[in-house]
Amino acid sequence: MGIDMTVSDDGNSVTIAVTGKFDFQLYDEFRTAYISTVGTGVSYKLDLSATDYLDSSAMGMLLLLREHAGGETADIEITRVSPEVRKILEVANFGKLFKF
Amino acid sequence: MNNSSPGKALIVDDEKANRLALKSLLVRQGYQTIEAVNGAEAVALFKQQNADIVFMDVMMPVLDGYEATRQIKAASGKRFVPIIFLTAMSDEAALAQCIEAGGDDFLVKPYDKLILQSKIRSMQRIAALNSEVQGMYSMIHREQEIAESVYINAIQSPNIVNPYLRQAVRPASIFSGDLVLSAYSPSRDLFFLAGDFTGHGLLAALGAMPVSEVFRAMTTKGFSPEEILAGINKKLKVMLPVDMFFGAQLVVVNHDLEHVRVFNAGMPDVLIVDGANHRIKHRLASTGLPLGVDAGADIHAMQQYAPIAHNDKILMYSDGLIEARNAGDQEFGSRRLIGSITGAPQNKIFEQIFSDLDAFCGAVESQRDDVTLVEISCVQDVLPALEAHDYLRPAAHMLSGRGEWKLSLRFDGARLRETNPVPVLINYLMEMEELEAERQALFTVITELYLNALDHGVLALDSTLKTDPAGFEAYVQTRESRLASLDNGHVIFNLSVEQESTRRSILLRVEDSGQGFDFTNHVAPNERDMALSGRGLVLIRDLCESLEFEGNGNIAVARFSWSTR
């Protein structure tokens, strides 16, 4: 359960893996993780292969990460998404903001 | 307890010497004291005179200290009254029983005075903290009550009450993150907005206020659904923190009851169900980002159309409905929802969904998310009655010294693409004239005149397309593509307000740059030639004193009048 972040040596690519339920209980942990990264210019990968549920506050956290990563110019890819999580992201049309 | 005294202490002991020793110590600390010689007397005295702290012996005749403590704790309710046991018994089980019975601390006799004093001080600190928490709790409770009543008055009360509009919001906490708003436009279209803020509780309810204000103000003024949603979207983008947003469904039931427009921004599918056989006729999925995320979102691109038939049911719901879980952590899911709809007795879909949901969830804990369900029956009575335009009815308020005035407005190509001049015109007229009672009729007249000029004039659309229900979609698509690439053409409004004895009238002259049509051969006054003139012109004829065409049919002249006495 929780957030696991790996940063490349040059700091330019960051992978954040979320295990278990991705909801408001992970808010602090998620924020603490991404806030330590540079943000703009960094290429982010969000590994959701071990995420079994995602709620609207998790989508809010994705928006916060996007803002941190430069908003319109953010480079964020959501990878290894389960069909259930994909459905939730598609209903919200998050494809307009993130690659997944 | 006041500032000068720590309060009243109740001393309970069957031995006088013990009571006296304790009394002298407490009096020196500023306490007022009362005394009881057994448990029963202590309970009676406490109920009668109250106390701020109690010193309790254990072994006493009539009623022992344990039972007296239980009764005093019960009698003190939410107020924290510390009870300190003073006992000669020193075995662990007896001392544990003191705490078990509700005592807050104990001291073995003979006790050290200094230790007793520090225990009293510690109890005073706990009591102070307790009353602070109590105070804050009741303040929060009071504030929530006030906020709830503001919420109900501002957001729920103005909603349309109509037996053909069913809606239920079951909040997960006092305030729901789900929001349901309804209003009629001046042209008698039904606007229904159902939405879901991130999270729930007070924070989510906070966002509901501006949404509700923008929705009502713009709907009743006659703005288009795109304009309303764009207004809400911009406002929320500015107001909400980045991680908060608003999933929304806006359904607009056209007053002709032949089609609906749906905007779905990040919510579950809107369903249109055949009222007779409960077949799902249309599913209108989310086509846009939730509101409050992207200030420049293309609302227009979200628009979807669906034809409707008499007594079709439009269902809107939040994800809390399909994601509701039972004790076995299974979701209610959309398959069960469809099962409820198809299996429901006629006109009982709404009831069936809730009874199936309750049966499925059983007596399950607390509901995790807000659940919203809306059902709109597509029948004539779901719309407001078309008020007869009563020429003889006196205006509500009379203005003296009414002058005559004229107004001319011209909209060219690109401007027509972006501006809807109707609400602006109506609001201007409302400010200039006492027209509140005629507002709805006048709105319909100006809207129909404008649409006639734009659609059949500037955009050269063939109205016969619309008479075939299947052609409606094609009509709408052609209209959109022509409008999007429009860069020439114009519509000119000439309004002149005139007075003749007790009657006042507006002469509306609407000219477009289109080809016009051969009105001399086809349109005679009062003739309801639906195929040619369309329903719009029939409506104008009904509501106006006269409607005529000039030029080559590209100029419509309508006279709308009302009595001023």
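Order of the sequence lines fixes the chain letters, A, B, ..., with proteins taken first and strands second; residue numbering starts at 1 for each chain. Please read these numbers as outputs of a predicted model, since none were measured by experiment.
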Exercise: do B:E480 and B:Q303 side chains pair donor with acceptor under 3.5 Å: yes
Selection from B:G247, B:A297, B:G288 maximising heavy-atom pairs under 4.5 Å formed with chain A: B:G288
Gap between atom CG of A:N93 and atom CZ of A:F98 - 0.5 Å precision: 12.5 Å
A:F94, part contacting chain B, at a heavy-atom distance under 4.5 Å: both
A:L65 portion near chain B, given a 4.5 angstrom heavy-atom threshold: neither
Centroid-centroid distance, A:F22 to A:F30, less than 6.0 Å: yes
Heavy-atom pairs under 4.5 Å with chain A, option from B:V293, B:N264, B:D196, B:T287 with the top count: B:T287
Nearest-0.5 Å distance that lies between atom CD1 in A:I78 and atom CZ in A:R86: 9.5 Å
